[in-house]
Amino acid sequence: MAPDWVALQVRVRDRSKDRVGIIRGIGDPIRMSDDPPPDYVWLLPVGGGFEWPAAIGDLERYEEEKPT
């Protein structure tokens with residue numbers, strides 16, 4: 001099961017690719033009620049580009065570092 005913070009429009013880092021993206025989709029857009037919970041998301045690179053799939057287990061919340 002996905003953590004509570006895995007939701008649309010959340011910025012995350014895909015540790016497997018060391019890329020930052022915004023969650024644009026969770027699992028397959030066409031799901032049946034008896035399908036298992038999704039185990040991947042679709043990420044869009046910050047600033048635009050091509051989406052890529054990422055396993056939920058490879059994600060971590062991403063917070064930009066603020067200059068001090």
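Starting from 1, each residue takes its place in the sequence as its number. Values reported hereafter were calculated over all heavy atoms of this structure, with side chains retained and with hydrogens, waters and symmetry mates removed.
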Test side-chain contact (heavy atoms from CB on, under 4.5 Å) applied to D4 - qualifying residues, sequence neighbours left out: none
Distance-minimising heavy-atom pair for [X] and [Y]:
X   : Y   : result
S16 : D58 : CB-OD2, 3.5 Å
V20 : R11 : CG1-CG, 3.7 Å
P36 : R31 : O-NH2, 3.0 Å
I56 : P38 : CD1-O, 3.5 Å

CA sep, side-chain torsions, deciding dist, call: I26, W42, side-chain contact (heavy atoms from CB on, under 4.5 Å): CA-CA 6 Å; I26 300 173; W42 288 95; over 6 Å; no
Residue pair V12 / E60, side-chain heavy-atom distance below 4.5 Å: no
V6 vs V41 side-chain heavy atoms within contact, under 4.5 Å: yes
More than 12 heavy atoms from other groups under 6.0 Å of CZ on R15: yes
Name of the residue among L43, D18, L59 meeting side chain to side chain contact (heavy atoms under 4.5 Å, CB included) with R13: D18
From I23 atom CD1 to Q9 atom CD, the distance as rounded to the nearest 0.5 Å: 9.0 Å
Path from L44 to V10 over hydrophobic side-chain contacts below 4.5 Å: no
ILVMFWY network linking Y62 to V46, side-chain heavy atoms under 4.5 angstrom: yes
Main-chain N/O of D28 paired with Y40 side-chain donor or acceptor, under 3.5 Å: yes
